[in-house]
2 protein chains.
Amino acid sequence: MTQKPKALDHTEAVKMGKSCVCFITRKAARCITQFYDEMLRPTGIRSTQLTLLTTIKILGPVSVKRMAEVVVMDRSTLARNLKPLDRQGLIRIEPGEDLRERIVSLTPPGLEKWKEAYFIWGQAQAQIKDRLGQEGLDTLFANLSELVSLTRNR
Amino acid sequence: MTQKPKALDHTEAVKMGKSCVCFITRKAARCITQFYDEMLRPTGIRSTQLTLLTTIKILGPVSVKRMAEVVVMDRSTLARNLKPLDRQGLIRIEPGEDLRERIVSLTPPGLEKWKEAYFIWGQAQAQIKDRLGQEGLDTLFANLSELVSLTRNR
DNA sequence: CTCAGATAGATGTATATACCCCTATTTCTG
DNA sequence: CAGAAATAGGGGTATATACATCTATCTGAG
């Protein structure tokens, strides 16, 4: 059989374009982020920031290190992502008892902002649910969680 | 019934942390990107860049505008993401017949780099498949594609 | 043919992301 | 207890991402 390198390359490229988990996941993240961000626009915060506010709300005063573990984000990334929230006065960052640590907590304005954003988040989430159904949503969640743990525990 | 605002807030926050599609998708994208990037490290290119090389390979000489549509990426984002590839000499960017357009194409070194990276991509993809199974992979793809089209066609 | 509107990119700005290396602490070991 | 090892963050660097706005070019209506 004669080989046709060019054609073979092309087939493989197409296959990759259609089956790359990294590509589709990043693409979906871009799209879904835009969707939520657009809805959150009136609040002045973005989806990532809402995630962080929520995490702080749940974990109470918490160190950057611990937060980073929970949201599965690089420590330096998280520290930088916290800055806009700090600048807007939505969170407080102060040294902990262990002076190496920074303890993050929600300010009263931060709590208000969270409530405002949570309301809109509910609307965005409902739109997604309308389209995927609760079952589709559950499957998606299970799949993505699997992906996360797959890449974490190696 | 007496209301307990604080406790209610907390419950809602936890619910959001556990069910936010945007959060889980972004988290998965971070994890999977790190996974692929780590494997691709020896090649000197990253997963996003491999995606772009592949797209260029498939679409042949193509305008930035068209490419952006295909990969579902903002035009300005794409233009900036192409720069590292251009700097490394893996792609060529030149004016099209329509002088407003920039036409992107793969250089011979770019093709070589693509082949090298494709090989590694296959290994990464295989590891994912081992864990999710072909079926799980298909479901994941379907779910995420649904998410993309959901946010695109509104 | 001319000019108004549409289109493709480029640029400014801001956030998001991670790696590497450095510093300040803390903890552990001899 | 003193010095070594571990740990938490900070800052540098580079890429990834999008929106708003600007410029150059093209196209279509008159």
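All values derive from a computational prediction rather than experimental measurement.
B/R41 has a side-chain polar atom (N or O) that falls below the 4.0 Å cut-off from OP1 or OP2 of C/dC20. Dashed line: the shortest gap from a side-chain N or O of B/T77 to OP1 or OP2 of D/dA16 is not under 4.0 Å. Using a 4.0 Å cut-off, no side-chain N or O of A/R102 falls inside it from OP1 or OP2 of D/dT7.
Nucleic acid contact class of A/N81 (heavy atoms, under 4.0 Å, all strands): base. A/R26 comes within 4.0 angstrom of the backbone, heavy atoms only, and of no base. Using a 4.0 Å heavy-atom criterion, one finds that A/R87 contacts the sugar-phosphate atoms exclusively. Using a 4.0 Å heavy-atom cutoff across all strands shown, A/S63 reaches sugar-phosphate atoms only and no base atom. B/R75 comes within contact range of at least one nucleobase, with a heavy-atom separation under 4.0 Å. The residue B/E69 sits apart from the nucleic acid: no heavy atom pair falls under 4.0 Å.
Nucleotides of DNA chain C nearest to A/S76 and A/R100 differ in position, and the one nearer the 5' end is that of A/S76. Residue B/V62 is the one, among B/V62 and A/L78, whose nearest nucleotide of DNA chain C lies closer to the 5' end (criterion: closest heavy atom).
Crowding of B/Q123 atom CD: a count of heavy atoms from other residues, nucleotides or ligands under 6.0 Å exceeding 12.
With no hydrogens or angles considered, no side-chain donor-acceptor pair links B/R26 and A/S47 at under 3.5 Å.
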